[in-house]
Amino acid sequence: MSLPPENPAPPQDQALSGRRLVSRRADGVESSGIRKIFERVQFMDDPINLSIGQAHFDVPEAVKEAAIAAIRDGFNRYTVTEGVPELNERILGRLADRYGYQGQQSLVTSGVSGGLLLGFMAALDKGDHVLLPDPYFTMYPVLAGLVDADWSGYEMYPGIPLTEAALEAALDPEGRSRLLLINSPSNPTGRVLSAEELDIVGAFARKHDLLVVSDEIYDEFVYDGPHVAAVGHVDEDRLLLLGGFSKTYGMPGWRMGYAVGPDDIIDAMRRIQQFTFVCAPSMVQLAGLAAMDVDMSAEIENYAQKRDSFYARLAGHYEFPKPGGSFYMFPELPKGATTEAFMERALERKLLIVPGKAFSARDTHFRLSFAASGEVLDRGVDALLALAEEFAEG
Ligand code: PMP
């Protein structure tokens, strides 16, 4: 994607009548397809909302208490740009324990979103090229556009193994590729990358001298064995790992995440953070420290059960492999169905889902989220089965 072409010079009278207030950069940013659905929900009575991108549980009590105590204790001022040292130590310690990560530089960010923006700004110049998974999290191509980088998608549809050839096909023929983004477990597919696939990524990045940005915000939401991190498969001196608190602890509104990576990249991100976000919210940093002591395994186990039962009831009626992580599934539209017809019929049943084209150059699938109560999921399955039947009948 690139920015819209330069506007032609306005006719003389228009030039006199007023200045253009909005930048071409901002013109290139369209309202998110998910946000549009979000807006529709507000006018719907008792919708079956399977379009949600956040866990349905609330912040653990101990974490709320830590935030409240921090506020009461006057921990309300700016923190150091990189975030409080105890939290950074804890993050690096956890990554060292879990994956043998050796890097020593980390930065507390305003969500993984903040980390992604800073990472793109730190690593990319105008005209650089980025490889993104397709399907992708909606923010990635927008961020590439915001830093004036071009991008191509590499094949990541569920069920299709990641190969060197697929990455090769997305490489810029003029040698402008600088960054390869991976996201496992994935939003929107729920797919997890295997150790073998991550080895392919690591070798490819080395061969073509790319920075790998690994968005591992769903690292706790894995259901068939431990999370396979990029660490150990991608050289640490070219790996920027982004992690989060939003999904794991049900605190997406609190805006905190972290970035670890090569010293020069983290240092550049820290310098940009200093003049943009300044720091992640102070009380949330202390709450995040408390969160890291909370055992979320019961919630994750609950999501594993949701994954299993939701999948079992839909399999055979829709085409898609069982997702290994996150809280999404990405089935194909029924044969012969257009997105418009399918979405319209779904809305008639009060079912909210997100069309695949919000995440992809293709328009053949749709995203379901199982981050919902059992009651909503039951109603969702009923609606989805009825829809499958309607479209099978033609
Ligand atoms: N990456 C992915 C893959 C996501 O799904 C999301 C949230 N939907 C984010 C990043 C942003 O998360 P945060 O709240 O940490 O900014």
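Just so we're clear, the structure is a prediction, and the values are computed from it rather than from any experiment. Atoms within a ligand are numbered from 1 in the order they appear, just like the ligands themselves.
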Next on the checklist: Polar contacts were defined as any N/O atom of the residue lying under 3.5 Å from an N/O atom of the ligand; does this apply to Asn187 and ligand 1?
Outcome noted: yes

Checklist entry - Less than 3.5 Å between some nitrogen or oxygen of Val112 and one of ligand 1, yes or no? => result yes

Checklist outcome for this item: for atom 14 (O) of ligand 1, nearest protein heavy atom and its distance come out as Ser246 OG, 2.7 Å

Checklist entry - Hey, does Tyr328 come in under 3.5 Å of ligand 1, counting only N/O atoms on both sides? => result no

Checklist entry - Could an N or O of ligand 1 be found under 3.5 Å from any N or O of Tyr218, whether backbone or side chain? => result yes

Checklist entry - At a 4.0 Å cut-off, with the gap strictly under it, does some heavy atom of Trp254 reach an atom of ligand 1? => result no

Checklist entry - Which residue owns the protein heavy atom closest to atom 16 (O) of ligand 1, what's the atom, and how far is it? => result Ser113 OG, 2.5 Å

Next on the checklist: Looking at Asp382 and Arg379, is any side-chain nitrogen of the basic one under 4.0 Å from a carboxylate oxygen of the acidic one?
Outcome noted: no

Checklist entry - Can you find a non-hydrogen atom of Gly244 under 4.0 Å from ligand 1? => result no

Next on the checklist: Check contact between Arg255 and ligand 1, using heavy atoms of the residue and a distance below 4.0 angstrom.
Outcome noted: yes

Checklist entry - Can you check salt bridge (charged side-chain N to carboxylate O under 4.0 Å, His left out) on Asp224 and Arg307, steps first, answer last? => result CA-CA 11 Å; Asp224 304 316; Arg307 190 271 316 245; 2.9 Å; yes

Checklist entry - Are the side chain of Gln285 and the backbone of Val84 linked by a donor-acceptor contact shorter than 3.5 Å? => result yes

Checklist entry - What part of Lys247, side chain from CB on, backbone N/CA/C/O, both or neither, has a heavy atom under 4.0 Å from ligand 1? => result side chain

Next on the checklist: Ring centres under 6.0 Å, that's the criterion: do His56 and Tyr303 meet it?
Outcome noted: yes

Next on the checklist: Tell me if the CD atom of Glu86 is crowded by more than 12 foreign heavy atoms within 6.0 Å.
Outcome noted: yes

Item to check | Heavy-atom nearest neighbour in the protein, as seen from atom 3 (C) of ligand 1, with distance rounded to 0.1 Å | outcome: Asp215 OD2, 3.3 Å

Checklist entry - Counting only heavy atoms, which portion of Asn183 has something under 4.0 Å from ligand 1: side chain, backbone, both, or neither? => result side chain

Checklist outcome for this item: From the list Tyr328, Tyr311, Phe310, ring pair (Phe, Tyr, Trp, His ring centres under 6.0 Å) partner of Phe320 resolves to Tyr311

Checklist entry - Do side-chain atoms of Asn88 reach the backbone of Gly83 as a donor and acceptor pair under 3.5 angstrom? => result yes

Checklist entry - Are the charged groups of Glu332 and Arg362 less than 4.0 angstrom apart, N to O? => result no

Next on the checklist: Geometry only, no angles: is Ser110 polar-contacting ligand 1 at N/O separations under 3.5 Å?
Outcome noted: no

